[in-house]
Amino acid sequence: MCGIAGYVGPRKAVEVVYDQLKRLEYRGYDSAGIAFLEEGNISVLKRAGKLSVLGEVVDANPDDSHMAIAHSRWATHGAPTDLNAHPHMDQYEQIALIHNGIIENYLELKDELAHDGHDHQFFSETDTEVAAHIIGEEYATGVSLEVAVRQAVKRFRGAYSMVVISKREPGKIVAARSASPLVIGIGVGENMLASDIPALLPYTREMMILDDDQVAILTPEGITITDLNGKEVPYEIMHIDWDIAAAEKGGYDHFMLKEIHEQPEVMSRVLAGRIDEKGQVRLDNVYGEHVWNEIDRVSIIACGTSYNAGLMGKYLFEKLLRLPTDVYYASEFRYGDPILSSRSLCIFISQSGETADSLAALKLCKSQRMRTLGIVNVVGSSIARECDRTILTQAGPEISVASTKAYTAQVLSLIMLVLHIAQIKETPGVRSEQVVRSLRNLPGIAQRVFELEDQVKAVVQTCKDANLFFFLGRGADAYVSLEGALKMKEIAYVPTQEIPAGEMKHGPLALITDGVFAIFGATEEHLRDKVISNIKEVQARGGYVVAITTEEDTSLEKAADATLKIPRTGQTYLDALLSNIVLQLLAYYFAVARGCEIDQPRNLAKSVTVE
Ligand code: F6R
C-alpha cells in the first residue's frame with residue numbers, strides 16, 4: 001500500500017526520504033514522488049513506475065534541502081501516472097501534501113471549491129489534490145500551517161494519514177492521522193515520520209505512533225502533538241529494538257524465501273515463555289476463567305491469509321474445544337448481518353494490524369460491545385490497540401507481500417489460545433504431556449522440512465508449464481490447501497482451484513484434463529484411504545498428482561505421481577502446519593521458475609489500508 005516518509009533536520013533531506021521510501025518498497029506501490037524546499041520554493045519530483053525511475057530524476061537534482069516529504073502511491077483515485085502521483089500542491093503553490101488512505105467526501109469538497117469564488121485548477125484525478133486545495137484555502141486566511149491542517153481535516157471524511165510542508169514555514173512538517181498509520185521518529189536535532197517503522201530504523205529507534213484525530217508538528221528541535229482543537233496532548237515514546245538485519249534479505253534471493261526459512265525460529269518465539277517447565281500454558285493478556293466459561297461461540301474475522309489462519313482456528317476450536325466457530329471475511333462482515341451475542345468472542349487476525357476491512361469490522365463489534373481479541377503481528381498497530389485483548393504473534397517484520405511466517409505464527413498462536421482455554425476449562429486430552437512434547441520439539445522438526453527443498457524443486461521442473469493447479473485435501477489439509485492455493489495465485493499468477501477433495505465430484509472434476517496438476521494434502525492418517533480414492537478420480541482423467549504426506553506413510557507413495565514426505569510432529573494440526581511450509585516452497589520455486597517478481601507481486605500490497 002502507499003508509503004509516507006518525511007524528514008526535517010541537518011541531513012540531506014531528499015536523500016533521507018528517498019532511502020526511507022526504499023525501505024517501504026515492500027508495501028507495494030505504482031508511482032512515487034518527493035517534495036522539498038529549494039531556494040524558498042517547493043520543488044516536486046514525481047514519476048509513475050518503480051522508485052528507481054524517480055531515483056534517476058532525484059539524482060539529477062542538487063540535494064541541499066533540509067526538509068522533504070516523500071510518497072509511494074498505490075492507485076485508488078486515478079491511474080498510476082506522473083500527474084496522479086503525490087505530492088500535490090494547493091492552488092497558490094504554497095503547500096505540498098502527501099496522503100495515504102481515502103478522503104471519502106472529496107467530490108463533495110471539490111464541488112464546494114468550485115463555488116468558493118477562487119480559481120481551482122486540478123491537474124490530477126486524485127482526492128489528494130482536492131485535499132491540498134482545501135488546506136490551501138484555509139492557509140490562505142493567514143493562519144499557521146498546523147491551524148490550516150486542523151481546520152481542513154475537520155472537513156475530511158474517511159481513513160487517511162497526511163503530511164504537509166509549506167514554503168512559508170521552512171523547517172516545519174505537519175501531519176494528521178485518521179485511521180491510517182503514521183509513525184513519528186524522534187532524533188537529536190532532527191525529526192522524521194513514516195507510514196511504517198522499518199523506514200525509520202536506520203535513523204532513530206525512539207518513536208511514537210500518532211493517534212486518530214491528532215496533528216503532529218515536527219521541527220528539527222522537537223515535536224508537538226495536538227488534538228484537532230489545537231490542545232497539546234501528551235504522548236508516549238517507544239523504544240523499537242528490531243534488528244535492521246531482520247528487515248533485510250539475509251543472503252536469500254528474496255524476502256519470501258528468507259521468511260519461509262525463518263519459520264522454525266518464529267515457532268520458537270511464539271512458544272517462548274508460553275509453556276513453563278511444568279508444561280503449563282501461559283498466555284498473558286487474554287481473558288480470565290469466568291469469561292472463558294461464559295463464551296459459547298467464537299467468530300473469527302480476517303482477510304486473505306489471516307482468514308485462512310482463521311479457518312485453522314475454526315478447526316481447532318471445534319475439534320478440540322467443541323466450541324462452535326464461524327469464520328468471516330472482514331470485507332463481508334460489516335455488510336452482512338452477523339449473528340453475535342453477549343456470549344460470543346470476536347477474534348481479529350491480522351499481520352499488519354492495519355487492514356481497513358478488519359479494522360472496520362472491529363469497530364462494528366466494539367460498537368455492539370462485543371468482546372474482542374486481536375491476534376496481531378505489529379505492536380502498536382490499530383487493531384492491536386483497538387482490541388480489548390491482544391496476542392502478539394511474534395513473527396517479526398514480514399517484508400514479502402505474500403504472507404508466510406505470519407500465517408504460521410497466527411495458527412500457532414491460535415493453538416496456544418486453544419490450549420490455554422482447555423487448561424482453564426480442564427477439557428480432557430487437549431493439553432496433554434504428549435501435546436506439550438510435540439510443541440517443544442516443533443521448531444526442530446520444522447527445520448527438517450527444508451531437507452525437502454530439492455525434491456520440491458524437482459516437482460516444479462515437472463509442472464513448470466502447468467496452467468491450472470488443484471489444491472486438495474480433507475480435514476485440516478483442506479484448510480491448508482486454501483492457503484497453498486492463495487500463495488500460488490499471488491506470486492506465480494497461475495489459476496488454482498482449491499476445494500475439499502470430497503467435493504471434486506460435485507463439479508470441479510470437470511476441469512481435470514491432461515496437463516492439470518493436483519496437489520493433495522494427506523497428513524491426516526485416518527483420512528488417507530478417502531484421499532487415495534480422490535487421487536484416483538483425478539488420475540483417471542489425466543491429472544498429475546503430487547501428494548504431501550508424513551514420512552512413515554507408504555500408501556500415498558503408491559497412489560500419487562510424486563510424494564513429498566514431511567516429518568511427523570505427533571499432532572495432526574501441527575503436521576498440517578508443516579505441510580503448509582511445503583506448499584509455500586512449491587509456490588516460491590514455481591514462481592521463480594516462471595520468472596515472476598516474488599516479493600512484490602503485481603496488483604498486491606502488503607498492508608491494505610483502504611476498503
Ligand atoms: C496474502 C496476504 C494477504 C493478507 C491480507 C490481510 O499473502 O498477505 O492476503 O493476509 O491482506 O492482511 P493482514 O493480515 O495484515 O490483516
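Scope of the values below: all heavy atoms of this structure, side chains included, with no hydrogens, waters or symmetry mates. As the structure lists them, so they are numbered: ligands from 1, and atoms in each ligand from 1.
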Exercise. May I ask you to check whether Phe590 and Phe469 place their ring centers less than 6.0 Å from one another?
Key: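 Yes, they do, as the ring centres are separated by less than 6.0 Å.
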Check whether [X] reaches the backbone of [Y] with its side chain - one donor and one acceptor, N or O, closer than 3.5 Å.
X      : Y      : answer
Ser382 : Glu354 : no
Ser161 : Arg177 : no
Asp127 : Tyr106 : no
Glu332 : Tyr329 : no
Asp575 : Thr569 : yes

Which of the numbered atoms in ligand 1 are below 4.0 angstrom from a heavy atom of [X]?
X      : result
Val401 : 7 (O), 8 (O)
Ser350 : 13 (P), 14 (O), 15 (O), 16 (O)
Ala402 : 7 (O)
Gln351 : 13 (P), 14 (O), 15 (O), 16 (O)

What protein heavy atom sits nearest [atom], and how far away is it?
atom                    : answer
atom 1 (C) of ligand 1  : Glu490 OE2, 2.8 Å
atom 5 (C) of ligand 1  : Cys303 O, 3.6 Å
atom 11 (O) of ligand 1 : Val608 CG2, 4.0 Å
atom 15 (O) of ligand 1 : Ser352 OG, 2.6 Å
atom 3 (C) of ligand 1  : Thr305 N, 4.0 Å
atom 12 (O) of ligand 1 : Thr355 OG1, 3.4 Å

Quiz prompt | Under the side chain to side chain contact (heavy atoms under 4.5 Å, CB included) test, residues paired with Leu511 that sit two or more places apart | solution =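 Only Leu468, Phe470, Gln497 meet the side chain to side chain contact (heavy atoms under 4.5 Å, CB included) criterion with Leu511.
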Practice problem: Begin from the C-alpha positions of Ser178 and Asp212 and carry the test side-chain hydrogen bond (donor to acceptor under 3.5 Å, both in side chains) through to its verdict. | Solution: CA-CA 4 Å; Ser178 166; Asp212 284 353; 5.4 Å; no
Quiz prompt | Asn377 to ligand 1, any heavy atom closer than 4.0 Å | solution =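 No.
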Quiz item: Quick one: does Lys487 get within less than 4.0 Å of ligand 1, heavy atoms only?
Solution: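 Contact present.
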Practice problem: Could you tell me whether some N/O pair between Ser306 and ligand 1 is separated by less than 3.5 angstrom? | Solution: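 Yes; at least one N/O pair falls below 3.5 Å.
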Self-check item: Side-chain heavy-atom pair Ile491, Met488 within 4.5 angstrom cut-off
Solution: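 The answer is no, as the side chains (C-beta and beyond) never meet within the 4.5 Å cut-off.
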Quiz item: Quick one: does ligand 1 sit under 4.0 Å from the side chain of Leu604, the backbone, both or neither, non-hydrogen atoms only?
Solution: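 None of Leu604 does.
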